[in-house]
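Read through the structure below, which is laid out as structure tokens, and then see the notes.
Everything numeric in this text was worked out from a predicted model, so none of it was measured. Lettering follows sequence order; numbering is per chain, from 1. Just the heavy atoms: all of them, side chains too, but no hydrogens, waters or symmetry mates, feed the values below.
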Number of protein chains: 2
Amino acid sequence: MAEVVVALRAVDASAPEPGFLQIARQLRHEIRSGAYPPGSKLPSETELTRAFGVARMTVRGGIAELRSEGLIVSEQGKGVFVRPRPPVRRLASDRFARRHRDAGQAAFLAEASQVGATPAVDQVQVTSGRPPDSVAGLLGGVTDVVVRSRRYLLDGQPVETAVSYIPKAIAAGTKIADDDTGPGGIYARLEELGHRLDHFVEEVAARMPTQEERFRLQLPAGVPVVTVLRTAYDVHDVPVEVCDTVKSSQSYILEYRVDAT
Amino acid sequence: MAEVVVALRAVDASAPEPGFLQIARQLRHEIRSGAYPPGSKLPSETELTRAFGVARMTVRGGIAELRSEGLIVSEQGKGVFVRPRPPVRRLASDRFARRHRDAGQAAFLAEASQVGATPAVDQVQVTSGRPPDSVAGLLGGVTDVVVRSRRYLLDGQPVETAVSYIPKAIAAGTKIADDDTGPGGIYARLEELGHRLDHFVEEVAARMPTQEERFRLQLPAGVPVVTVLRTAYDVHDVPVEVCDTVKSSQSYILEYRVDAT
DNA sequence: GAGTGGTCTAGACCACCCC
DNA sequence: GGGTGGTCTAGACCACTCT
């Protein structure tokens, strides 16, 4: 492997900008300019300490800054690396089209097969109880629901968690309350039960993950999550399901079509 | 002001969990449980040093952790505060409906007036040149564009930046290339020019902001941005504009309607 | 002036990885 | 074993805010 040689200027202690930010700025610039491409290793803290002429804790301050920006990841015993960009899934606005359900594919599986990745679902939990108030509101005040929780993986990497809430009046005693919902997923079952789907409303937002989400999605520091709260309506405009998903922002671009009329 | 009294356990140096994470976990729990409501002040670093029985730098490690999670904000000379939740704008999926343009309101103004906030636009820059490759691709290979850059504010707080790219063949010599596009904004002008709009495609993603974005949107640490790349198509399916927006994730929930058919 | 957070030092010991 | 990052200490000085 060729050595990466980069000119780093010593920190100017008399400058108004703090030293650790000067360090972050210089390293950020080198990363952006391509001197350190994704996946490559930065100089060790010891080397940076020498190059910048500061104490190790100051170097670590600069590194912490870039880590919180999501630019780099640290690996104990190995080094600090420019964060490689994982493959991105593009969620098309037709991903809930009926033709996918009719083909026996739940939305997640349909998308995965399009990009040639191996999809998987684990941590499936089915319970029943009372939904959060916000969900109950979307369901028109229903407080008795079946709760389906699961995690989605692509090529073994967790990318998304999802919790579905379906009114018990609809789901009780059906495959929706089973661990395996069968081909086409929840939405195919709902249609079989006579709840012909008309449209979905998705509420999209972003935030930093909780500790638990960071663990479940195996997120490095500095990576936000995208949350999508989806409500499914049948042709009578009755909400039949709310699905609360948390996605790694590294793995997703959401695509929507909006009419101009 | 009543004193907030909270029981904090000293750090256990023999535990496998590092001290600064024990500190972060305890404080996070107190914040979540409501002991420290949004806007309230945490104990000073000196007090925390005493309560946890560790050096100040260890306390600061715990505080840095919560700051990177977006839970708290530090203010020099004043203290560390639980981050207050700013008002959220809900962007409805009909925000580009023609009736808003016909009423002489650009999308941003229409939304603001709905929530009773005072909208403003500043940092308007109009230039021309070559768009980024990704934008050129969306515009069908057009490389000669008018570039409109601006920043949106609500009640004086910046919430969003936007850069529009319009093919020069369409925009040159029109009000679209003026600083003030007039009532109804770019889209109203495009329709007057005969480019009747049919639909938009939006690509939504999230990431941590760059330094410059943090400054322009006045974002505290630990707050991601939501990016929306919108392409406007006319009734002949010709792309007539691409708009690249960067929004504070604190300020937005995006709402989309997706058909099930 | 007293109290707050912001920055920085010069060490130390540890856990982990690779040779 | 040698190099890496992870954690921690006990001080120091500074900039800022409030009274």
Side-chain angles (χ1 to χ4, degrees), chain A residues 1 3-4 10-27 36 39-68 71-83 211 214 220-222, chain B residues 1 3-4 10-27 36 39-68 71-83 211 214 220-222:
Chain A
M1 161 120 45
E3 263 303 302
V4 177
V11 162
D12 176 4
S14 70
E17 187 183 29
F20 76 97
L21 286 182
Q22 295 180 41
I23 291 170
R25 187 168 42 76
Q26 286 194 50
L27 292 177
Y36 299 112
S40 66
K41 185 178 171 303
L42 260 52
S44 75
E45 294 180 352
T46 313
E47 291 174 287
L48 292 175
T49 295
R50 201 165 354 103
F52 288 116
V54 296
R56 182 174 165 225
M57 288 303 285
T58 305
V59 165
R60 283 181 63 79
I63 289 175
E65 177 67 24
L66 297 183
R67 192 171 36 229
S68 84
L71 266 182
I72 60 179
V73 290
S74 300
E75 295 182 39
Q76 185 170 142
K78 293 166 62 172
V80 177
F81 300 84
V82 179
R83 205 182 74 202
Q211 290 288 111
R214 235 160 84 174
Chain B
M1 163 126 35
E3 264 302 303
V4 178
V11 163
D12 176 3
S14 70
E17 187 182 27
F20 77 96
L21 286 181
Q22 295 180 40
I23 292 170
R25 187 169 41 75
Q26 286 194 50
L27 292 177
Y36 299 110
S40 65
K41 185 179 171 304
L42 260 51
S44 74
E45 294 180 353
T46 313
E47 292 173 289
L48 292 176
T49 294
R50 201 165 353 101
F52 288 115
V54 295
R56 182 175 165 223
M57 288 303 284
T58 304
V59 165
R60 283 181 65 77
I63 289 175
E65 176 67 24
L66 297 183
R67 191 170 39 228
S68 83
L71 267 181
I72 60 178
V73 291
S74 301
E75 295 182 39
Q76 184 170 138
K78 293 165 65 172
V80 177
F81 301 84
V82 179
R83 205 182 74 202
Q211 290 287 111
R214 234 160 84 174

Using modelled atom types only, decide if a donor and an acceptor are shared between the side chain of A/Glu75 and the backbone of A/Phe81 within a distance under 3.5 Å. no
Assess whether side chain to side chain contact (heavy atoms under 4.5 Å, CB included) is satisfied between A/Ile23 and A/Val54, documenting all intermediate values. CA-CA 10 Å; A/Ile23 291 170; A/Val54 296; 4.0 Å; yes
For A/Leu48 and D/dG3, what is the distance between atoms CG and P respectively, to the nearest whole Å? 16 Å
Check the distance between D/dC14's P and B/Gln76's CD and give it to me in whole angstrom. 14 Å
Reading DNA chain C from 5' to 3', where do the contacts with chain B start and stop? Cut-off is 4.0 Å to heavy atoms. C/dG3 to C/dC8
Assign each of A/Lys78 and A/Pro18 to its nearest nucleotide of DNA chain C by heavy atoms, then name whichever residue's nucleotide is nearer the 5' end. A/Pro18
Within the pair A/Ser44 and D/dT4, is there a side-chain N or O less than 4.0 Å away from OP1 or OP2? yes
Partner of B/Glu45 under side chain to side chain contact (heavy atoms under 4.5 Å, CB included), picked from B/Arg60, B/Met57, B/Arg50, is B/Arg60
Between A/Arg56 and A/Gly19, the residue closer to the 5' end of DNA chain C by nearest nucleotide is A/Gly19
Report the residue (A/Thr46 or A/Arg60) whose heavy-atom-nearest nucleotide on DNA chain D is the more 5′ of the two. A/Thr46
Should the pair B/Glu65-A/Arg214 be classified as a salt bridge under the 4.0 Å nitrogen-to-oxygen rule? yes
Side chain to side chain contact (heavy atoms under 4.5 Å, CB included) for B/Glu17 and B/Arg25? Distances and angles first, verdict last. CA-CA 10 Å; B/Glu17 187 182 27; B/Arg25 187 169 41 75; 2.7 Å; yes
With sugar-phosphate meaning primed atoms plus P, OP1 and OP2, does B/Gly61 contact a base, only sugar-phosphate, or nothing at under 4.0 Å between heavy atoms? nothing
Please evaluate residues A/Thr58 and A/Val11 with respect to the criterion side chain to side chain contact (heavy atoms under 4.5 Å, CB included), reporting the C-alpha separation (whole Å), side-chain torsions for both, the decisive distance (0.1 Å), and the verdict. CA-CA 10 Å; A/Thr58 305; A/Val11 162; 5.8 Å; no
